[in-house]
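Within every chain, numbering begins at 1; the chains are lettered A, B, ... in the order of the sequence lines, protein sequences first and strands thereafter.
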Number of protein chains: 2
Amino acid sequence: MRTVTIADVARHAGVAVSTVSYVLSGKRAISATTRQRVLDSVRVLGYHPNAGARALASKRANVIALVLPLRAGMNLPVLMQFATSVVATARQYDHDVLLMTADEGPDGIRRVAASAMVDGLLLMDVEVRDTRVPLLRDLAEPSVLIGFPADAEGLTCVDLDFHRAGAICAAHLAERGHREIALLGAPGVVYERGTGFAERTRAGFLAEATERDLHAVAVPCAETYDEVASAVKLLFDAHPGLTGVVVHNEAAVGHVLGALRALGRAVPEDVSVVAICPDDIAERARLTSVLIPAEELGREAVRLLMAKLDGLPAGSILLEPRLTIRESTR
Amino acid sequence: MRTVTIADVARHAGVAVSTVSYVLSGKRAISATTRQRVLDSVRVLGYHPNAGARALASKRANVIALVLPLRAGMNLPVLMQFATSVVATARQYDHDVLLMTADEGPDGIRRVAASAMVDGLLLMDVEVRDTRVPLLRDLAEPSVLIGFPADAEGLTCVDLDFHRAGAICAAHLAERGHREIALLGAPGVVYERGTGFAERTRAGFLAEATERDLHAVAVPCAETYDEVASAVKLLFDAHPGLTGVVVHNEAAVGHVLGALRALGRAVPEDVSVVAICPDDIAERARLTSVLIPAEELGREAVRLLMAKLDGLPAGSILLEPRLTIRESTR
DNA sequence: AAATGATTTCGAAGCGCTTCGACACCTGAC
DNA sequence: GTCAGGTGTCGAAGCGCTTCGAAATCATTT
């Protein structure tokens with residue numbers, strides 16, 4: 001059972017090879033009768049174009065690379081949703097997905113790009129000072145990043161709008177009548193590194209609080225229980241009237257709840273808590289939260305990449321955060 | 001910056017194109033001096049072979065498809081470890097990985113296979129009566145399955161040796177002096193479907209128990225708390241002297257512990273519990289367990305697939321289970 | 001010195017597809 | 001009846017690589 005080639009289809013339909021190609025690609029007008037004859041032959045013979053030959057001739061592989069950080073510490077449900085959404089969306093655009101792990105590093109990216117194996121790249125979890133970013137800049141292949149590196153100039157990035165997320169949390173607490181609120185953010189070092197998303201959440205939170213005339217503080221937050229507990233204690237010592245807390249640190253959120261319990265402050269009776277974290281974590285603890293929209297991130301990232309493949313300019317985009325109200329705020 | 005082709009390398013090194021090809025593939029002897037000259041040119045020019053052209057000429061894409069069940073209900077850590085291991089191992093064999101989701105179904109498989117986009121396929125979580133299995137059988141491309149379908153004849157499958165796993169659990173309990181033990185397995189319907197792995201665990205468990213002259217029973221086990229609780233109650237009513245329980249049902253294991261607690265039986269003081277489940281679940285509950293060796297599964301699956309790609313015959317293999325002793329048995 | 005055989009290198013023929021320019025045919029306008 | 005301008009189709013030239021057979025080179029042997 002030799003594999004069926006376009007020449008077989010052409011012979012079977014009694015037309016030229018190029019005609020078959022044009023029917024399939026739609027790049028030139030073909031009469032309805034010829035078109036139908038060709039399509040019938042395709043069906044009858046079970047023809048599938050050879051991807052390699054197509055890529056070679058057209059300089060388009062119809063494959064995108066998905067570079068995932070398959071290391072420990074990632075939130076798996078988020079990663080999975082993202083990957084699933086990328087694959088599904090890519091298929092809608094008639095593209096396949098080549099899976100790469102971040103630990104091949106820049107070389108892996110250079111390799112797949114230079115080999116014309118993929119037409120574009122999707123990188124998840126880009127770090128602030130990522131060694132791959134300069135490479136992406138002068139790669140011929142377009143790329144889209146999930147997350148913003150330190151200097152996003154000239155790159156296409158997709159991320160949750162953390163400024164708005166911070167603001168939405170503050171607004172939610174304000175609307176519930178809280179007058180004194182706090183943000184527990186990432187560990188201090190993260191701010192010192194100038195990590196964009198942590199800083200932006202903070203700015204949005206404080207701006208909205210100021211706007212609404214609330215008393216607000218924002219403090220970094222470590223991730224071990226003891227450190228979290230003492231930070232929470234310090235916070236309430238300094239601000240006894242505090243009734244609303246936003247936690248933007250998925251590793252610390254459980255500890256914050258524990259610390260509150262230890263201090264004898266009930267949630268939501270005494271203190272309302274809003275988290276900015278993956279949905280599974282918030283769901284488990286029944287927390288009001290702003291989730292990480294993994295599926296939407298994947299979809300938008302692919303959409304942007306496809307636009308770039310078509311030569312369209314594509315700027316970065318920020319996704320609108322959405323608050324899910326659960327049982328930790330009142 | 002036109003991309004560098006093999007012709008550029010040949011010109012730069014002052015040799016024929018075919019010589020460059022042979023240097024790179026090692027398929028013919030090339031003198032050391034020529035070889036070095038070519039390799040230098042490759043380095044200087046930054047040459048990377050065009051994957052499409054290579055695939056077209058050699059009929060080898062150097063890509064394998066990884067078909068994952070990206071639906072809910074999978075144990076994510078297991079899936080991730082598996083995927084990571086597959087990608088890493090494939091790279092060792094100079095192959096890349098095309099990521100597909102099971103929801104494209106047989107058509108997706110047919111598509112990538114017929115388009116010569118991949119040389120082989122890796123399917124995870126194959127179901128007992130999987131519609132893709134007959135397809136795989138008469139596909140030209142070799143494939144490896146994780147898990148055993150109803151009829152594995154002529155297929156290459158990799159899985160944990162559940163017969164041994166059942167036996168190891170029984171043996172562990174026997175060594176600790178337990179004389180009356182039970183296996184809580186998959187829900188009844190799973191056995192009725194004739195699912196291989198559930199039945200094999202059961203057989204291994206009972207055989208080992210008989211061997212060691214223990215009193216052993218094996219019962220199916222549902223997955224809601226109430227059903228589990230009543231099953232556990234019935235079990236202990238019927239066998240008051242029961243002191244060892246093996247749970248082979250990752251969804252039920254938490255409920256079993258709860259039910260035991262409700263019956264006033266302490267673990268491990270009154271009852272020893274061994275689980276056959278993903279490591280994260282056992283780790284969380286500090287259970288002695290036989291884990292699902294995701295990483296090893298990935299590695300072995302790729303190894304088998306590569307063997308088949310080289311035309312070697314490859315039978316199915318069963319991985320040796322390993323017991324991790326934690327705090328639930330004594 | 002010629003012949004033999006190994007060893008190393010070369011040239012050319014594809015692999016299956018896309019795409020460009022050209023050709024054939026058909027309209028309708030003059 | 002001729003010619004301009006569409007349509008629809010074809011043929012051929014690659015795309016960049018692998019691989020086969022043959023040529024060229026060199027060391028041995030007779």
Side-chain angles (χ1 to χ4, degrees), chain A residues 2-39 41-42 45-63 94 111-119 140, chain B residues 2-39 41-42 45-63 94 111-119 140:
Chain A
R2 217 182 87 280
T3 76
V4 182
T5 75
I6 197 174
D8 299 325
V9 175
R11 202 171 310 118
H12 186 270
V15 298
V17 162
S18 50
T19 302
V20 176
S21 178
Y22 285 124
V23 166
L24 262 25
S25 71
K27 294 194 177 172
R28 278 197 187 178
I30 297 288
S31 69
T33 60
T34 308
R35 151 183 232 75
Q36 196 50 59
R37 203 140 37 87
V38 168
L39 291 177
S41 299
V42 165
L45 301 181
Y47 169 69
H48 286 267
N50 178 296
R54 187 194 277 255
L56 181 57
S58 68
K59 309 197 161 311
R60 286 285 233 115
N62 272 44
V63 176
D94 193 31
R111 183 176 61 81
V112 296
S115 69
M117 195 170 246
V118 302
D119 305 320
Chain B
R2 217 181 85 279
T3 75
V4 183
T5 74
I6 197 173
D8 298 327
V9 175
R11 203 171 309 119
H12 186 270
V15 299
V17 162
S18 50
T19 303
V20 176
S21 177
Y22 285 124
V23 166
L24 263 24
S25 70
K27 293 193 178 171
R28 276 196 187 179
I30 297 288
S31 70
T33 61
T34 307
R35 150 181 232 76
Q36 196 50 58
R37 202 140 37 86
V38 169
L39 291 176
S41 298
V42 165
L45 301 180
Y47 169 69
H48 286 267
N50 178 296
R54 188 196 279 257
L56 181 56
S58 69
K59 308 197 160 310
R60 287 284 235 115
N62 273 48
V63 175
D94 193 31
R111 183 176 60 82
V112 296
S115 68
M117 194 171 246
V118 302
D119 304 321

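- Applying the 4.0 Å criterion to OP1 and OP2 of dC15(C), one finds that T5(A) has every side-chain N and O outside that range.
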Test side chain to side chain contact (heavy atoms under 4.5 Å, CB included) on R35(A) and V38(A); report intermediate values, then the result.
CA-CA 5 Å; R35(A) 151 183 232 75; V38(A) 168; 6.0 Å; no
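- Within residues 48-61 of chain A, the residues having any heavy atom under 4.0 Å from DNA chain D are, by residue number, L56(A), A57(A), K59(A).
- One atom, CD1 of I30(A), and another, C1' of dC25(C), lie 15 Å apart when rounded to the nearest Å.
- Within the nucleic acid shown, V17(A) comes within 4.0 Å of at least one base atom, counting heavy atoms only.
- One can find a donor-acceptor pair under 3.5 Å joining the base of dT9(C) and the side-chain atoms of R28(B).
- What separates CD1 of I6(B) from P of dG14(C) is a distance of 19 Å, to the nearest Å.
- Looking at the side chain of S31(A), the nearest of the listed nucleotides dT18(D), dT9(D), dT18(C) is dT9(D).
- Put simply, CG on D8(A) is 11 Å from P on dC15(C), counting in whole angstrom units.
- For S21(A), the side-chain contact (heavy atoms from CB on, under 4.5 Å) partners at least two apart in sequence or on another chain are I6(A).
- Taking only side-chain nitrogens and oxygens, Y47(A) comes nearer than 4.0 Å to OP1 or OP2 of dC17(C).
- Side-chain atoms of D119(B) never come within 3.5 Å of backbone atoms of R60(B) as a donor-acceptor pair (strictly under, hydrogens ignored).
- Of the listed nucleotides (dT18(C), dC10(D), dT9(C)), dT18(C) has the atom at the smallest distance from the side chain of S21(A).
- The separation between R11(A) atom CZ and dG11(D) atom C1' is 15 Å, rounded to whole Å.
- Following rounding to the nearest Å, R35(A) (CZ) and dT7(D) (P) show an atom-to-atom distance of 16 Å.
- The nucleotide whose nearest atom lies closest to any side-chain atom of T19(B) is, among dT19(D), dC10(D), dC10(C), dC10(C).
- Protein atom CG of L24(A) is 7 Å distant from nucleotide atom P of dT18(C), rounded to whole Å.
- If you check every strand for non-hydrogen atoms under 4.0 Å, S18(A) touches a base.
- Scanning all heavy atoms of the two residues, the minimum distance from V4(B) to Y47(B) falls at O-CD1, 3.5 Å.
- You won't find any donor-acceptor pair under 3.5 Å spanning the side chain of Y22(B) and the base of dC17(D), going by distance alone.
- Within the 3.5 Å criterion, the main-chain N or O of R54(B) finds a donor-acceptor partner in the side chain of S58(B).
- The CG-P distance, from D119(B) to dT18(D), rounds to 14 Å in whole Å.
- Between the N62(B) side chain and the D94(B) main chain, a donor and an acceptor come within less than 3.5 Å of each other.
- Between the C1' atom of dT9(C) and the CZ atom of R37(B) lies a distance of 11 Å, rounded to the nearest Å.
- When atom types are taken as modelled, the side chain of R37(A) and the backbone of A13(A) share a donor-acceptor pair closer than 3.5 angstrom.
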